[in-house]
Amino acid sequence: YSPQGGVVAGGNINALLALSERLNRQGYSITILSGWPHRHSTDEVRTRLSYTNLELLQLQTTGPLLRNIEFLSRLVPAAYKLRGSAGFEIVHGHSGYPHLAIMTVLLKHILGVPAVHTVYCPMTDRL
């Protein structure tokens with residue numbers, strides 16, 4: 001996502017939008033928990049996803065490792081807090097790195113619901 005130019009092509013974001021829009025049309029209630037580094041673009045994002053319960057977790061750190069640790073530290077308590085009111089039926093994690101599936105697995109166990117994790121990146125044989 002680019003605050004100045006609208007949505008930038010990207011598998012992760014486009015898949016999230018397409019999936020959430022379709023599920024919404026089928027009558028499902030959707031909660032999205034996402035890390036969000038762009039302070040000045042949340043109003044536009046909230047407007048585009050007004051049919052969801054959107055929780056944007058403001059991230060302060062830079063660099064992929066620290067950002068992922070910070071996101072995990074904010075994601076788990078936020079999901080746990082919402083578990084009663086959101087009535088989660090499934091957790092669907094999206095990321096560009098296979099190791100981030102640990103977040104999806106943690107939420108599966110914490111929330112006690114099925115989970116799937118979609119990875120958007122090329123992977124080498126060693127992974």
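Heavy atoms only: backbone and side chains are in, while hydrogens, waters and symmetry mates are out.
The NE2 atom of His92 lies 7.5 Å from the CD1 atom of Ile90; values are rounded to the nearest 0.5 Å. From Arg67, atom CZ reaches atom CG of Leu65 across 12.0 Å, with rounding to the nearest 0.5 Å. Atom CD1 of Ile102 sits about 12.5 Å away from atom CG of Asn68, to the nearest 0.5 Å. Taken to the nearest 0.5 Å, the OG atom of Ser29 stands 8.5 Å off from the CG atom of Asn24. The OG1 atom of Thr31 sits 9.5 Å away from the CG atom of Leu54 when rounded to the nearest 0.5 Å.
Between Leu82 and Phe88, some side-chain heavy-atom pair lies under the 4.5 Å cut-off. Annotation: side chain of Ile30 is not in contact with side chain of Leu19 (no heavy-atom distance under 4.5 Å).
Around atom CD of Gln26, more than 12 heavy atoms belonging to other residues, nucleotides or ligands sit under 6.0 Å away.
Screening Val91, Leu111, Leu72, Leu75 for a side chain to side chain contact (heavy atoms under 4.5 Å, CB included) involving Leu106 leaves a single residue, Leu72.
Side-chain contact annotation: Tyr28 with Ser20, donor-acceptor N/O pair under 3.5 Å absent.
Shortest non-hydrogen contact noted between Pro114 and Glu89 is CD-O, 3.4 Å. The minimum heavy-atom distance between Thr104 and Gly93, with the atom names listed, is OG1-CA, 3.4 Å.
Under the 4.5 Å side-chain heavy-atom criterion for ILVMFWY residues, a single connected hydrophobic cluster contains both Tyr51 and Ile32. Both Met103 and Tyr80 are part of a single hydrophobic cluster, where members link through side-chain heavy atoms under 4.5 Å apart. Cluster annotation: Leu33 is connected to Val113 through the hydrophobic network of ILVMFWY side chains, with a link wherever side-chain heavy atoms come within less than 4.5 Å. Cluster annotation: Ile110 and Ile69 are assigned to distinct hydrophobic clusters (Ile/Leu/Val/Met/Phe/Trp/Tyr, side-chain heavy-atom contacts under 4.5 Å, transitive).
Under a 3.5 Å cut-off, the side chain of Arg74 and the backbone N or O of Leu57 do not form any donor-acceptor pair. When atom types are taken as modelled, the side chain of Glu70 and the backbone of Leu59 share no donor-acceptor pair closer than 3.5 angstrom.
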